[in-house]
There are 2 protein chains.
Amino acid sequence: MTSRPPRPRERGIPEATVARLPVYLRTLQALQDRGTLTVSSEDLASAAGVNSAKLRKDLSHLGSYGTRGVGYEVRYLVYQISRELGLTQDWAVAIVGIGNLGRALANYGGFGTRGFRIAALLDADPAMVGRRVASLDVGHIDTLETVVRDKGVSIGVITTPAASAQAVATRFVGAGVSSILNFAPVVLNVPDGVDVRKVDLSIELQILAFHAQRRNGDEGHGAEPAGLELT
Amino acid sequence: MTSRPPRPRERGIPEATVARLPVYLRTLQALQDRGTLTVSSEDLASAAGVNSAKLRKDLSHLGSYGTRGVGYEVRYLVYQISRELGLTQDWAVAIVGIGNLGRALANYGGFGTRGFRIAALLDADPAMVGRRVASLDVGHIDTLETVVRDKGVSIGVITTPAASAQAVATRFVGAGVSSILNFAPVVLNVPDGVDVRKVDLSIELQILAFHAQRRNGDEGHGAEPAGLELT
DNA sequence: TAGATTGTTAATCGATTAACAATC
DNA sequence: TAGATTGTTAATCGATTAACAATC
């Protein structure tokens with residue numbers, strides 16, 4: 001466990017690092033677009049909004065891709081991070097729930113500049129099925145299993161109302177999809193080995209409210225408003 | 001620093017706990033809707049998707065709101081968490097960038113069941129200004145400062161393209177808004193004391209892709225595709 | 001060689017978890 | 001009293017950070 005093979009570093013990049021790699025990637029791509037060839041950890045870290053020690057530690061998990069005294073070659077680092085994240089292959093994505101949010105996502109072009117392809121849009125509402133959204137025909141939710149198989153979908157995005165989200169997740173899992181991005185405000189129950197990430201607007205707002213209240217001096221805290229003391 | 005006052009526990013709830021309180025709150029509200037009066041840490045934790053030791057530790061930061069041998073009274077815990085999160089007051093929210101996503105958010109009714117009120121919608125596009133979205137007239141971005149002042153906006157939501165996001169953030173900050181929720185795929189630069197949270201679809205997808213690739217046995221890893229070796 | 005910057009070490013900090021005494 | 005469940009302790013784990021030797 002403590003032996004250190006020379007190059008193909010031990011698997012197991014820390015989760016916190018994985019979550020920052022996309023930010024570094026995006027920052028590097030912006031540098032690349034501006035024609036920058038080389039960047040130091042200090043400059044890249046500052047552009048990505050992290051501290052440079054953290055950046056270097058993060059990158060060290062991928063390998064030794066920098067040059068001491070010089071920095072990192074932008075193009076090479078873009079490629080290495082893309083590869084590590086699995087963006088050198090194409091991931092087919094299905095979106096279920098074509099309401100406002102589903103349509104917004106379907107129409108959102110730049111999925112991290114590449115790596116993801118929206119392969120199917122599904123909805124339960126007969127009035128929505130058959131409509132054309134973002135150059136795709138909306139299919140009926142009942143075809144989920146077929147669509148997953150035929151289109152090779154490996155990532156499912158859930159933008160249904162909360163009440164339907166669990167059923168959709170279960171069907172995704174049954175169809176062999178083990179990566180799910182959930183926008184519905186509900187905790188999904190899935191078997192081990194299925195990866196669920198959630199995006200939740202109201203949770204984010206509530207966290208902001210907590211800090212804002214803290215900043216505002218927490219006025220009104222401590223005194224319980226009449227009628228809510230309990231029981 | 002190590003003295004322990006008896007009740008009004010020391011301020012400073014861990015960030016990880018703050019991020020979970022909204023999940024507990026939502027779970028409790030669902031229990032309340034089903035008429036449940038009391039819940040054990042075991043049952044609540046399981047419904048919220050965390051382990052019960054973590055839940056009890058989290059709640060212990062708020063105070064001693066449970067009863068040994070019995071559990072937690074749902075109604076009381078809902079109130080205490082709401083109060084801690086600052087949801088017993090009303091937060092006015094302004095959304096800037098009324099594209100697909102901005103409209104989706106504006107039309108999204110249930111902002112955590114209450115606590116937040118969309119007070120203004122702003123856009124830079126003259127064709128959008130004046131249109132009615134979610135019972136509000138879309139205003140011009142140039143009125144941001146006035147709107148923030150007049151409507152008492154304290155939370156700013158940015159759903160503009162990446163290129164405009166920083167400018168909007170700077171104007172929000174200048175207008176006195178120090179809580180920002182950013183949907184634009186760009187790192188925002190703000191002064192200390194301003195709280196920025198980001199919601200980023202492509203980052204989430206990239207994290208999913210990383211794990212999916214890992215599960216799939218990482219095929220294709222190691223061999224560098226011709227033409228991308230570097231330089 | 002002198003200057004710059006990486007990659008790594010080690011210290012510190014914060015989060016998670018099992019276990020259990022306190023107590024309803 | 002016996003059974004159940006909280007609140008807290010303490011061990012462990014993972015993440016962050018400063019500092020600096022290695023090295024371009």
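Just so it is clear: chains get the letters A, B, ... in the order the sequence lines come, proteins before strands, and each one is counted from 1. None of the values given here were measured: they were computed from a predicted structure.
Checking A:R20 against A:V70, the closest nucleotide of DNA chain D that is more toward the 5' end is the one next to A:R20.
The six-membered or imidazole ring of B:Y65 lies near that of B:Y76, with a centre-to-centre distance under 6.0 Å.
Of the candidate nucleotides D:dA21, C:dA15, C:dC24, D:dA21 has the atom nearest to the side chain of A:R68. Of the listed nucleotides (C:dT16, C:dC24, D:dT8), D:dT8 has the atom at the smallest distance from the side chain of B:S60. Residue B:A16 places its side chain closer to C:dA15 than to any other of D:dT16, C:dA15, D:dC24.
A 3.5 Å limit on both hydrogen-bonding distances identifies C:dT5 as the Watson-Crick or G-U partner of D:dA22. The partner of D:dA11 is C:dT16, judged by Watson-Crick or G-U wobble contacts that both fall below 3.5 Å.
B:L59 has its CG atom 9 Å from the P atom of D:dT6, to the nearest Å. Residue B:I13 contributes atom CD1, which lies 12 Å from atom P of C:dA15 at whole-angstrom precision. In this structure, the OH atom of B:Y72 is 13 Å from the C1' atom of C:dC24, given to the nearest Å. Between the NE2 atom of B:H61 and the C1' atom of C:dT16 there is a distance of 11 Å, given to the nearest Å. A straight line from CG of B:D58 to P of D:dG7 spans 12 Å, rounded to a whole angstrom. Atom P of nucleotide D:dT6 and atom OH of B:Y76 are separated by 16 Å, given to the nearest angstrom.
In the region residues 37-57 of chain A, proximity to DNA chain D at under 4.0 angstrom, judged on heavy atoms, holds for A:N51, A:A53, A:K54, A:R56, A:K57.
The backbone N or O of A:G71 lies less than 3.5 Å from no partner atom in the side chain of A:T38, so there is not a single donor-acceptor pair. Between the side chain of A:S46 and the backbone N or O of A:E42 there is no donor-acceptor pair closer than 3.5 Å.
Taking each heavy atom of A:I118 and A:L105 in turn, the nearest pair found is CD1-O, 3.9 Å. Closest non-hydrogen pair, A:A19 versus B:I207, comes out as CA-CD1, 3.7 Å.
Residues passing the salt bridge (charged side-chain N to carboxylate O under 4.0 Å, His left out) test with A:D195, sequence neighbours excluded: none.
For the residue pair A:Y108/B:N100, the side-chain donor-acceptor check at 3.5 Å is not satisfied.
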